[in-house]
Amino acid sequence: MLKIYNSLSGEKESFKPLIEGHVHMYVCGMTVYDFCHIGHARVMVAFDVVSRYLRQKGYQLTYVRNITDVDDKIFKRARENDEPYDQLTQRFIEAMHEDEKALSVLPPDLEPRATAHMDQILEMVQTLIDKEYAYCAKNGDVYYRVDRFADYGKLSKKNLEDLRAGERISVEEAKENPLDFALWKAAKEGEAAWDSPWGRGRPGWHIECSAMSTSCLGHTFDIHGGGPDLKFPHHENEIAQSEAATGEDYVKTWMHAGAVRVDNEKMSKSLGNFFTIREVLQKYNPEVVRYFLITSHYRSHINYSEDNLRQAQQALERFYTALRRNPVVTGDVPSDSELLDEYKKRFAEAMDDDFNTPEALAVLFEIVREINKASVEAKSLIILLRELGAVLGLLQQNPEQFLQGYEQNQGITAEEVEVLIALRNQARADKDWAKADQVRDQLQVAGIVLDDGRGGTTWRRSAE
RNA sequence: GGCGCGGUAGCAAAGUGGUUAUGCAGCUGACUGCAACUCAGUCUACGCCGGUUCGAUUCCGACCCGCGCCUCCA
């Protein structure tokens, strides 16, 4: 039985979809005005694992992840670049797709964009005005009337008095209440704008997610996910909008990923410790990055550091070394073995426990040991390892490619390595150990580790 | 100030009221020309103080420390 920690209740709950066998999931995607950073990667990978596991469990899944392509930051960046805003967003959408593909993040089923859902947005704003949950202010903005929604704060466990006490925003006098938030913003000179009953303008940040999730998945759906900093105010406001508009529950299970830190500091542009996915991929194999992101539980904060990435690299070397020494095999996992069934069961138990990937990885390492122990026939274990690895989006590469191939690190070519190995093996045949060792040392300096196996010498590029 | 999260061995990271997490690193042995890989064994733990219990890292309470959100942010 799958259990998921629900941010709304603060507890792990047994998961039961509203429609038996079918899961509807919405995850807040990115605002496309810059390259994705590793915080985005963490959310992408976390929910990619969730989606893979739900499907593996046999659920039919509709996975929606939006793209925010209307936003102040987008307009600001477009102005700075002197570039049409929609050209800017298109560029970064393409970059995002490249990053995802590199990290083996499967595309969601639907990827709605705010600009393509204006009708639904306008409709929801109108409904909120009709129900008096929203009002059109003197400045042309439409605001949500926060104190009309009794449950406001139920997700982030805040109440209106506390929020008022911690008030730090400059007060917008057009608002009835400083905590009211914008559903629709009046157009500014030179910025993209859409027609509406309240004048030309553009949607506020929160309304698009309410409108798109509702139109893609219905009034109430199973899972809504996102980054840790979206819980308040973004998700809180989504609840307020959607539940006021539909009169029904918005989401059953809220999931929030943990934060990414860099060298134990909050990742931020002002600290200059901001890493984009593509920067990181300059240095590390994408699978290493993905592995690193799932070595912690998805709800824990995770610390990006050179040391941790190197450890991830070494851990994957163990997996691929085991896979390399055995012939490539494919097929279904035979279920005639108690041992195999036991591993499958323990993997499933780990994943059923709120997607406990560290525990699941521990099971995979035990399979590796078993493969390494089996001197002759490890075929079914290898098939199992790759099958379970696929649920985590790992271990699908050719072992040689992983161990030898990551181009970015190359200081020496594979051909040069082969030449030196041949040279060394001749020296070994001549029992000229000094020369053989000298060649091996030379390769080691270049980051190449040799392995004189029964079937000849193999090599790999090592993480230091 | 309000709300919330966490402190596990050298590093990373799960978990459990009593029995080996796991990976990397270290040490010993086997294997190897020597290594590497691998296997076997092994050393480093559960922030501090009380309480409950036959027994707590695991439950309860206090304390110390770190962090997040409350403002755009995944």
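Being a predicted model, the structure only gives us computed values, none of them experimental. Chain naming here is simple, since letters A, B, ... match the order of the sequence lines and numbering starts at 1 in each.
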Side chain of A/Arg440 only, please: which of B/A35, B/A74, B/C39 is the nearest? B/A35

Answer yes or no: does a side-chain N or O of A/Lys157 lie under 4.0 Å from OP1 or OP2 of B/C69? no

Out of B/C34, B/A25, B/A13, which nucleotide sits closest to the side chain of A/Gln314? B/A25

Give the rounded distance in Å between these two atoms: CZ of A/Arg424 and P of B/C34. 13 Å

Within less than 4.0 Å of OP1 or OP2 of B/A36, is there a side-chain N or O belonging to A/Trp459? no

Below the 4.0 Å mark, does B/C5 have OP1 or OP2 next to a side-chain nitrogen or oxygen of A/Arg261? no

Is the centre of the A/Tyr250 ring less than 6.0 Å from the centre of the A/Phe221 ring? yes

Nearest to side-chain heavy atoms of A/Met30, which nucleotide of B/C37, B/A74, B/A13: B/A74

Need one value for A/Asp307: base, sugar-phosphate or nothing, where a base atom within 4.0 Å counts as base even if backbone is also close, heavy atoms only. sugar-phosphate

Tell me which nucleotide among B/C70, B/C39, B/A74 gets nearest to the side chain of A/Phe232. B/C70

With no angle test and no hydrogens, is the base of B/C24 tied to the side chain of A/Arg310 by a donor-acceptor pair under 3.5 Å? no

Select from A/Arg346 and A/Thr31 the residue whose nearest nucleotide in RNA chain B is closer to the 5' end of that strand. A/Arg346

Look at the side chain of A/Glu359 against the base of B/G15 and say whether a donor-acceptor pair falls under 3.5 Å; ignore hydrogens and angles. no

Under 4.0 Å: is that the gap between some side-chain N or O of A/Arg369 and OP1 or OP2 of B/A40? yes

Which is more 5' along RNA chain B, the nucleotide nearest A/Asn303 or the one nearest A/Ala434? Just name the residue. A/Asn303

Ignoring backbone atoms, test whether A/Lys231 places a side-chain nitrogen or oxygen under 4.0 Å from the OP1 or OP2 oxygen of B/C70. no

Whole angstrom is fine here: how far is it from NE2 in A/His234 over to P in B/C73? 8 Å

Ignoring the backbone of A/His297, work out which of B/A36, B/A14, B/G33 is nearest its side chain. B/A14

Does A/Glu306 pair with A/Arg310 as a salt bridge, N-O distance under 4.0 Å? no

Counting side-chain heavy atoms from CB outward, which of B/U22, B/A14, B/C11 is closest to A/Asn308? B/C11

Nearest of B/C39, B/G23, B/A74 to any side-chain atom of A/Lys373? B/C39

Tell me if the centroids of the rings in A/Phe92 and A/Phe35 come within less than 6.0 Å of each other. yes

I'd like to know whether the aromatic ring centres of A/His206 and A/Phe181 sit less than 6.0 Å apart in this structure. yes

Is any N or O donor-acceptor pair between the side chain of A/Asn356 and the base of B/G15 shorter than 3.5 Å? no

salt_bridge(A/Glu359, A/Arg346) N-O dist < 4.0 Å: no

Any side-chain heavy-atom pair of A/Asp71 and A/Phe75 under 4.5 Å: no

Figure out the CD1/P separation between A/Ile448 and B/C37, and round it to whole Å. 14 Å

Which one, B/G33, B/C70, B/C39, comes nearest to the side chain of A/Arg428? B/G33

Between A/Phe47 and A/Tyr63, does the ring centroid distance fall short of 6.0 Å? no

Nearest to side-chain heavy atoms of A/Asn372, which nucleotide of B/C39, B/C69, B/C37: B/C39

Pairing of RNA chain B as dot-bracket, 5' to 3': ( ) intra-strand, [ ] crossing, | other strand, . unpaired, with Watson-Crick or G-U pairs under 3.5 Å? (((((((..(((.....[...))).(((((.......)))))....(.(((..]....))).))))))))....

Is it the case that over 12 heavy atoms from other parts of the model lie below 6.0 angstrom from the NZ atom of A/Lys57? yes

For the side chain of A/Asp229, starting at C-beta, report the closest nucleotide among B/A74, B/A21, B/A36. B/A74

